[in-house]
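All heavy atoms count here, side chains included; hydrogens, waters and symmetry mates do not. Each chain gets a letter, A, B and so on, in the order its sequence line appears, and its residues count up from 1.
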Protein chains: 2
Amino acid sequence: MTLKDIAKATGFHVSTVSRALDQNSRINLTEDVVRQIRETADAMGYRRNRLASGLRTNRTMTIGVVIPDITNALFPPIVRGIESVMEPEGYASIIVNTDNVPEREMRLVDVLTERGVDGILHAATLRDDDSIQLIRSHNVPVVTLNRRVELDPPVPFVINDEALGIRMMLAHLAEYGHRRIAHIAGPVALSTGAMRVAAFHAARAAMGLAEADCPLAYAERFDEEEGHRAAIALLDGPTPFTALLCANDRLALGAIAALRQRGLSVPHDVSVTGFNDLSSLDAVTPPLTTVRILQFEAGEAAARLLLALLRDPQADIPAETVLPVVLVPRESVATPRPL
Amino acid sequence: MTLKDIAKATGFHVSTVSRALDQNSRINLTEDVVRQIRETADAMGYRRNRLASGLRTNRTMTIGVVIPDITNALFPPIVRGIESVMEPEGYASIIVNTDNVPEREMRLVDVLTERGVDGILHAATLRDDDSIQLIRSHNVPVVTLNRRVELDPPVPFVINDEALGIRMMLAHLAEYGHRRIAHIAGPVALSTGAMRVAAFHAARAAMGLAEADCPLAYAERFDEEEGHRAAIALLDGPTPFTALLCANDRLALGAIAALRQRGLSVPHDVSVTGFNDLSSLDAVTPPLTTVRILQFEAGEAAARLLLALLRDPQADIPAETVLPVVLVPRESVATPRPL
DNA sequence: TTGTACGCGTTATCAC
DNA sequence: GTGATAACGCGTACAA
């Protein structure tokens, strides 16, 4: 079923049929002709060939979504948020997983641009990321979300209020009486890791906690294994602590496992906190005190920004969107036991 | 950068360039010409336009992946399994979420076929599913996974050994001494729900447990809310039970919440079991006894089947692939307390 | 071994 | 208002 078939069936010319089937050009046609063409097109089950259309218009009505790993519970809600905005507008999404490997990222961006995606939503960017440059060199609009990239000219981004989250959590721990608060920082190559550890330093200083009392360990990935390793490193370090503020939930889960291995109870011996509020964290033991971020909404917001760019590449869209976060107090924090 | 540009730069004709850049037709060309063309193509950064290529060949090197909901932890590993096979072969995936709504399913299949996907992996099929017929009417190869559809001619599928899983779990409970075992069945519109409840009946009878001692409740969706509702219904029913075998993990989680609300302890008052072994189920309280299925491997297997079909639509591939399951005993099962 | 010519399905831009 | 034509980039039967 092609335009040609409909043309033959109705007796009109292909171009007339094309116009009748297009919302915009339809205005130049007699209402009667439009109706007739559309009816037989429907009857014959005509469906526009998006490849041919894209070849002609340079628009595929497809976007690329770049994420680190869909099995990480952080990302599926983001993907659904994106879909909830893009799908009603007629856009489909090609999703690729980078595993935070730069080479993979570059190749996958190639995969996307080869298929002529109209734009890219990038939730896997590193702070210094060549793939963004690559995308730009193809003149493909891009918005990052969850993380940001530091580049000139700037890339519009949608992130969470990392600083506020860390501040609230630190204040929460202080309220319980903690003065010796350790931090497991995330990878500094990611904006989330970097921003959270910077916020930790700033908030700690502002609250008058001594730097010497608040030891730090850096995780190389945002996962349980690294959380475990970093917690052990802190426990084996010279500085005692009563609370452990982790840069995300998975680090916290790993840290809790490590503390238990060392015979420490959470929260009675050490309080532990996370960040993100992955689902079913209320079912773990103890239910984890954490910071809730807006995953679905981040996807929505970024998609809306991209949509504006797709309609008009010169559109003046906000460069920075920072979504609010909420403290979720549960049971992994208690009053400190005297050291 | 098009073939035309390379042709101009090298002095050869477009078709010669096209051939030089294609693995298969290259054999007809002088080695020297091929080298020269490929070198300048590389230097000029040529990349084949997959749209134009697809328009010509009817192959987009893109497949469609239909799942119910990516935020359901069951599916991300499946998606990665698919990707692990398809991506190295040059295929990209368009992923769509049906939410188990038939109308949505139909529209999303349209989205996929419009974009000319070469094949579809369908993990969201209903037992009686019109979207599969729709796919077939477009002559697009399809393999279902996780679930199966009952259609003639049959659609190749990759599923888990549901019957074995249920049998093993029932035997496990019986070993602990349970004779009064309730079942929360999944939606019978899904092959997983139907096969598990059928297996429950068969295994129960084979083990000599009285049907009257083993009450049933049907969930309308595989989620916590329905698990909760069904558990309450069983508790309010006339038949007492000491164990509750749930058709999947999420139903079990909901059921445990319901039991607790009624002041019952798991596993001391009632043993509860799940199916699937979603990640971090070992972190919940109590750690859930369940059946582990091979999610990633299911994705891999289905992708390999589809790949065979993409190479040769007439390929003789196995109609049924049943992956092994493993019982994972944890702490949600104990010896029954006398009624 | 290389070049010619055409068509895939659509749409933009003419002319009438 | 409608029709004719060309072009998007590529692949391939056919000719040379």
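Contacts between residues 14-42 of chain B and DNA chain D, defined by a heavy-atom separation below 4.0 Å, involve S15(B), S18(B), R19(B), listed by number.
When the P atom of dG11(D) is taken as reference, atom CE of M61(B) falls 12 Å away, rounded to whole Å. Atom-to-atom, CZ of R50(A) to C1' of dC8(C) comes out at 18 Å; the value is rounded to the nearest Å.
The phosphate of dT10(C) has neither OP1 nor OP2 within less than 4.0 Å of any side-chain N or O from K4(A). Between H13(B) and dT2(C) there is no side-chain polar atom (N or O) within less than 4.0 angstrom of OP1 or OP2.
With values rounded to the nearest 0.5 angstrom, I63(B) atom CD1 is found 4.0 Å from S93(B) atom OG. Rounded to the nearest 0.5 angstrom, T2(A) OG1 and N49(A) CG are separated by 9.0 Å.
In this structure, F296(B) and T71(A) have side chains that are not in contact, with every pair of non-hydrogen atoms separated by 4.5 Å or more. Counting heavy atoms from C-beta on, the side chains of L134(B) and M106(B) come closer than 4.5 Å.
At a threshold of 4.0 angstrom between heavy atoms, the contacts of L3(B) are confined to the sugar-phosphate backbone, with no base atom among them.
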message: For a side-chain contact (heavy atoms from CB on, under 4.5 Å) check, start with the C-alpha distance between F157(A) and L305(A), then their side-chain angles and the critical distance, and finish with the verdict.
response: CA-CA 9 Å; F157(A) 61 82; L305(A) 292 177; over 6 Å; no
- request: Determine, step by step, whether R47(A) and T113(B) satisfy the side-chain hydrogen bond (donor to acceptor under 3.5 Å, both in side chains) criterion, reporting the C-alpha distance in whole Å, the side-chain angles of both residues, the deciding distance to 0.1 Å, and the verdict.
  value: CA-CA 9 Å; R47(A) 286 161 55 254; T113(B) 53; 2.4 Å; yes
- prompt: Please walk me through it: do T98(A) and V66(A) pass side-chain contact (heavy atoms from CB on, under 4.5 Å)?
  reply: CA-CA 7 Å; T98(A) 68; V66(A) 183; 3.4 Å; yes
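Judged by distance alone with a 3.5 Å cut-off, a donor-acceptor contact links the side chain of R56(A) to the base of dA7(D).
For F12(A), whose side chain is taken as the heavy atoms from C-beta onward, the closest listed nucleotide among dT2(D), dT10(C), dT12(D) is dT2(D). Nearest nucleotide to the L55(A) side chain, out of dT10(C), dC10(D), dC8(D): dC8(D).
Summary for the helix from dT1(C)-dA16(D) to dC16(C)-dG1(D): the axes at its two ends, each from 5 pairs, differ by 40° when rounded to the nearest 10 degrees.
Of the N and O atoms on the side chains of H122(B) and E105(B), at least one donor lies less than 3.5 Å from an acceptor on the other residue.
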Could you list the donor-acceptor pairs under 3.5 angstrom formed between side-chain atoms of residues 30-39 of chain B and any protein atom two or more places apart in sequence or on another chain?
| from | atom 1 | to | atom 2 | distance (Å) |
| --- | --- | --- | --- | --- |
| D32(B) | OD1 | R35(B) | NH2 | 2.5 |

